[in-house]
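Everything below concerns the one structure shown next.
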Amino acid sequence: MKHTFSILLSVLFCLSASAQTISWHNAADFTIIGKPIQTANPFTRIDTAMYKFNDKTIDCYAGYSTGLAVLFETDSRTIRARWTTGSGNSGDNMAAIGQKGLDLYIMKDGRWVFAGVGRPDMKKAPFSHHESKIVSDMPEGNKQCLLYLPLFDRTDCLEIGIDEESEIRSLANPFSHRIVVHGSSITHGASASRPGMTYPARFGRDNGLYCMNLGFSGTCELQKEYAEYLADIEDVDAFIFDTFSNPDAGEIRERFDEFVDIVRRAHPDVPMIFLQTVRRETRNFSMSKEEYDAAKQAAAVQEVTERMKTDRHIYFIDSADFLGNEHIATADGTHPTDLGFTYMLEAMSPKIKKILKKYGIR
């Protein structure tokens, strides 16, 4: 009941009056990308009424707008937004813009170019109602727009504001194929500065591929509930997995085969690309963390290598070069910053693209 009342207040906020020169449009009326399976709530990535994960934290994350983006085109010279999120403050290793804000890209000369951010209002609790100018004083003419939603929060409602004499319409999804990326907080985008700076979003934009982010911070432990959801996804062309960051060595050995079996029964010929977990900087001077992380990396190598003997559609990418060697690529020793994600993409993109090419994905 409390959550329902909160959503009603959010809708009222989105419908409230604002500057007379701006006309407001419900973002739910435009193309929303990033969901492997459609949901009743336009800004939710997984419908927990249909899929039960038996974990309150996972259910909460499923309701986040992580990886979702709105596609539209407009001739407006100004783009604003007003939106509502949950009421929590930003995390200790995240920028508020990445956690609760918006991130706009506009097509220019065949590339998606950063245009501006929707800054969340963090001045006073409850940090849930936001209105922001994203970009203004743009040249005249039509603009194709890609607006990423908050990474680590739910989005209860979202409206896009344009100059009142301008037009806005839905834009068809320009990305090809369907690639599902499932993993830990690194996939989820912890410590990315903006919602569009996660490695799944950047890999998709850079290569014109439709990448969907199923990162679940701290809770991606090869559970069969995740595998059952992945098995239900239709028309998937490839899976990319960052599934060795959260489980320990024992859990990797106990769960890996069952996880793969469930997905494989539904997708017998779809490539499954497993990424080794990054070498955390927290290991540098901690003997216990060095032993723990080394053990699970070894378990990952053993399990994937053994499975590759009988499954020609499974691949493994080592993470040796994912964070560079200058010790400057993480926010907290574990989670990559934008620089860390750049290093990751430089190391793994050529290898992933080579694998995808074998399946006609390019």
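Model, not experiment: these values are computed from the prediction.
With no hydrogens or angles considered, no side-chain donor-acceptor pair links Arg280 and Thr330 at under 3.5 Å. Using modelled atom types, one finds a donor on one side chain and an acceptor on the other under 3.5 Å when comparing Ser245 with Thr277. Residues Tyr315 and Lys358 bring a donor and an acceptor atom of their side chains to less than 3.5 Å of each other. A donor-acceptor contact under 3.5 angstrom links the side chains of Tyr105 and Arg194, judged on distance only. Judged by distance alone, the side chains of Lys289 and Thr282 never bring a donor and an acceptor atom under 3.5 Å apart. Under 3.5 Å, the side chains of Tyr226 and Thr219 contain a donor-acceptor pair of N or O atoms. For the residue pair Gln302 / Arg253, a side-chain donor-acceptor distance below 3.5 Å is found, with atom types taken as modelled. Checked by atom type, the side-chain pair Ser193/Asp338 shows a donor-acceptor distance below 3.5 Å.
Both Val180 and Ile314 are part of a single hydrophobic cluster, where members link through side-chain heavy atoms under 4.5 Å apart. Clustering ILVMFWY residues whenever any of their side-chain heavy atoms sit less than 4.5 angstrom apart, transitively, puts Ile33 in a cluster other than the one holding Ile160. A single hydrophobic cluster is not seen to contain both Met197 and Leu147; linkage of ILVMFWY side chains at heavy-atom distances under 4.5 Å, directly or through other members, places them apart. In the hydrophobic cluster analysis, where Ile, Leu, Val, Met, Phe, Trp and Tyr join through side-chain heavy atoms closer than 4.5 angstrom, Tyr210 is grouped apart from Ile179. Placement of Phe341 and Tyr148 in two distinct hydrophobic clusters is found when ILVMFWY residues are connected by side-chain heavy-atom separations under 4.5 Å, directly or transitively.
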(message) Between Glu225 and Lys52, is the salt bridge (Lys or Arg N to Asp or Glu O under 4.0 Å) condition met? List the steps.
(response) CA-CA 7 Å; Glu225 291 85 359; Lys52 303 295 184 183; over 6 Å; no
(request) Step by step, work out the side chain to side chain contact (heavy atoms under 4.5 Å, CB included) result for Arg202 and Thr342. (result) CA-CA 9 Å; Arg202 291 175 61 181; Thr342 298; 2.9 Å; yes
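His130 contributes no side-chain N or O that, together with a main-chain N or O of Pro120, makes up a donor-acceptor pair within less than 3.5 Å. Judged purely by atom type and a 3.5 angstrom limit, Thr39 uses its side chain to pair as donor or acceptor with the backbone of Thr44. Looking at Asn93, its side chain never comes within 3.5 Å of a backbone N or O of Ser191 through a donor-acceptor pair. Checking side-chain atoms of Thr74 against main-chain N and O of Glu167 turns up a donor-acceptor pair under 3.5 Å. Remark: side-chain polar atoms of Asp163 are not paired, donor with acceptor, to backbone N or O of Ser76 under 3.5 angstrom. For the pair Thr198 (side chain) and Gly189 (backbone), a donor-acceptor distance under 3.5 Å is absent. A distance-only check finds a donor-acceptor pair linking the side chain of Lys100 to the backbone of Gly86 [under 3.5 Å]. Asn207 places no side-chain N or O within donor-acceptor distance of the main-chain N or O of Leu209, the cut-off being under 3.5 Å. Between the Asp242 side chain and the Ser184 main chain, a donor and an acceptor come within less than 3.5 Å of each other.
Within the 4.5 Å cutoff, no side-chain heavy atoms of Tyr64 are placed close to those of Gln99. No side-chain heavy atom of Lys296 sits less than 4.5 Å from a side-chain heavy atom of Gln276. Inter-residue side-chain proximity for Leu214 and Thr187 is flagged as unmet; no heavy-atom pair is nearer than 4.5 Å. Looking at Arg255 and Gln223, their side chains come closer than 4.5 Å, going by heavy atoms from C-beta outward. Counting only heavy atoms from C-beta outward, the side chains of Gln297 and Ser319 approach each other to under 4.5 Å.
Summarising the local packing, NZ of Lys133 is surrounded by 12 or fewer heavy atoms from other residues, nucleotides or ligands at distances under 6.0 Å. For Glu291, the CD atom is loosely surrounded, since the number of other residues' heavy atoms within 6.0 Å does not exceed 12.
Ion pairing between Lys143 and Asp75 fails under the 4.0 Å rule for side-chain N and carboxylate O. Residues Arg307 and Asp261 are paired through a salt bridge, judged by an N-O separation under 4.0 Å between the basic side chain and the carboxylate.
Between Phe241 and Phe259, the angle of the ring planes goes over 60°, which puts this pair in the perpendicular group of the 30/60° scheme. Between His188 and Phe152, the ring planes are parallel. Angles under 30° get that label, and only those over 60° would be called perpendicular.
Taking each heavy atom of Ala81 and Trp83 in turn, the nearest pair found is O-CZ3, 3.6 Å. Here the closest non-hydrogen pair linking Ala62 and Phe53 is CB-CE1, 4.3 Å.
Rounding to the nearest 0.5 Å places CZ of Phe239 at 9.5 Å from CZ of Arg178.
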